[in-house]
2 protein chains.
Amino acid sequence: MPFPQTEIPGRLQSQLSERGVRMTAQRRAILSVIETAKKHLDASSILRKAQKMDATVDRSTVYRTLELLKRHGAIDELDLMHMEGERHFYERKTGRDHLHMACLRCGKITEFESELFEDLKKQLERDCRFHILVARLEVGGYCAACRK
Amino acid sequence: MPFPQTEIPGRLQSQLSERGVRMTAQRRAILSVIETAKKHLDASSILRKAQKMDATVDRSTVYRTLELLKRHGAIDELDLMHMEGERHFYERKTGRDHLHMACLRCGKITEFESELFEDLKKQLERDCRFHILVARLEVGGYCAACRK
DNA sequence: ATCTAGTTGCGACTTAGTTGCAACTAGAAC
DNA sequence: GTTCTAGTTGCAACTAAGTCGCAACTAGAT
Ligand SMILES: [Mn+2]
Ligand SMILES: [Mn+2]
Ligand SMILES: [Zn+2]
Ligand SMILES: [Zn+2]
């Protein structure tokens with residue numbers, strides 16, 4: 001996960017507060033889990049981790065909060081090729097988008113930023129007159145280590 | 001859906017037969033539904049349509065066949081931003097990849113082929129030494145008609 | 001015509017996410 | 001600080017989407 005040094009803990013929280021989103025103990029727990037995540041987390045991992053900070057957090061609150069964060073464009077939702085199960089993964093949306101490569105042999109997820117990706121998005125905005133809110137590029141195949 | 005005139009009915013079927021995949025009446029029904037689809041279909045629409053050709057087709061056979069087709073790289077699986085429900089959508093994989101734009105206001109799905117997309121994939125193959133089997137670019141936002 | 005590995009329908013099951021509701025609470029207004 | 005209310009919560013029950021074990025069936029090779 002790209003963890004820019006500029007990302008201050010609690011940043012996500014204040015960003016939402018400023019937007020008029022009400023802060024509760026449960027939300028603070030969930031937000032801090034997402035902010036400090038070292039990898040892509042699914043809803044049930046988020047729940048488990050959040051419960052360690054606030055035991056009252058419920059599954060439905062996690063889902064409702066993920067919905068909220070998506071609406072506010074604060075997180076992205078990923079399939080990561082649904083390599084096992086159908087669950088979705090979440091990550092903090094940072095300044096610049098990145099794409100995800102999932103190795104279908106070893107399961108490794110690699111992230112990559114690319115100017116071409118930015119150019120492609122600009123092309124859609126311009127040529128298709130489409131106003132982009134989310135752009136999700138996921139690639140499946142074999143990573144450098146696994147290809148033959 | 002891009003329906004190249006070069007796509008002959010039954011093409012998908014023979015493609016698989018040649019690959020040593022056993023053909024059953026159920027598979028023929030499912031394949032023909034996918035081949036003649038005029039839009040992106042989810043598993044239950046595929047089931048409904050396939051049952052009109054062969055009433056014995058079962059839900060589990062649809063899912064098993066979709067799995068098979070994915071493994072053979074014959075179809076792509078899409079989220080289309082999961083605008084209602086969590087279901088996945090399927091489409092015949094044609095020669096050239098295309099990306100999907102989903103309008104979050106009116107729900108319209110727009111497809112787009114782009115040389116930049118091809119370039120980006122080449123960049124991943126080259127710079128990341130990643131061997132791509134599937135590439136899925138889905139964009140959410142507002143279409144030309146809906147953006148204010 | 002025979003044979004067998006692959007495929008099927010069925011039904012029960014799992015997993016992921018949703019929802020209605022009564023109780024609770026953040027934060028704005030006094 | 002007290003009051004107030006719209007927004008939020010946990011709970012439990014629910015839906016939707018997909019999976020799986022198994023006995024019966026069958027495609028296609030021999
Ligand atoms: Mn998905
Ligand atoms: Mn398409
Ligand atoms: Zn790998
Ligand atoms: Zn629209």
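Below, chains carry the letters A, B, ... as their sequence lines are ordered, and counting in each starts from 1. None of the values given here were measured: they were computed from a predicted structure. For the numbers below, each heavy atom of this structure counts, side chains included, while hydrogens, waters and symmetry mates do not.
For the pair A/Arg105 and A/Tyr142, the distance from NZ or CZ to the six-membered ring centre is under 6.0 Å and the angle to the ring normal is within 45 degrees.
Taken from SG in B/Cys146 to NZ in B/Lys108, the straight-line distance is 8.0 Å, to the nearest 0.5 Å.
When rounded to the nearest whole Å, the span between CG of A/Leu47 and P of C/dG17 equals 12 Å. One interatomic measurement links the two molecules: CD1 of B/Ile46 to C1' of D/dA17, which rounds to 13 Å at whole-angstrom precision. Regarding B/Leu66, its CG atom lies at a distance of 15 Å from the C1' atom of C/dT8, rounded to whole Å. The distance between atom CZ of A/Phe89 and atom C1' of C/dT15, rounded to the nearest whole Å, is 13 Å. With rounding to whole Å, A/Arg71 atom CZ is found 12 Å from D/dG7 atom P. Spacing between atom CG of B/Asp42 and atom P of D/dA17 amounts to 7 Å, rounded to whole angstrom units. Atom C1' of nucleotide D/dG7 and atom CG of A/Leu16 are separated by 15 Å, given to the nearest angstrom.
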ask   = Which letter, B, S or -, goes with each nucleotide of nucleotides 18-30 of chain D from 5' to 3', with contact meaning a protein heavy atom under 4.0 Å?
value = BBBB----BBS--
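Under a 4.0 Å N-O distance rule, the pair B/Lys70/B/Glu77 qualifies as a salt bridge.
Grouped by direct or indirect side-chain proximity (heavy atoms under 4.5 Å, Ile/Leu/Val/Met/Phe/Trp/Tyr only), B/Leu124 sits with A/Leu99, A/Met101, A/Phe112, A/Leu116, A/Phe117, A/Leu120, A/Leu124, A/Phe130, A/Ile132, A/Leu137, A/Val139, B/Leu99, B/Met101, B/Phe112, B/Leu116, B/Phe117, B/Leu120, B/Phe130, B/Ile132, B/Leu137, B/Val139.
Nearest-nucleotide assignment on DNA chain D puts the 5′-proximal partner with A/Val57, out of B/Gly85 and A/Val57.
Between B/Gln26 and C/dT7 there is no side-chain N or O to OP1 or OP2 distance below 4.0 Å.
A/His82 and A/Glu138 form no side-chain donor-acceptor contact under 3.5 Å, judged by distance and modelled atom types alone.
Between B/His98 and B/His40, the two ring planes are tilted [angle within 30° to 60°].
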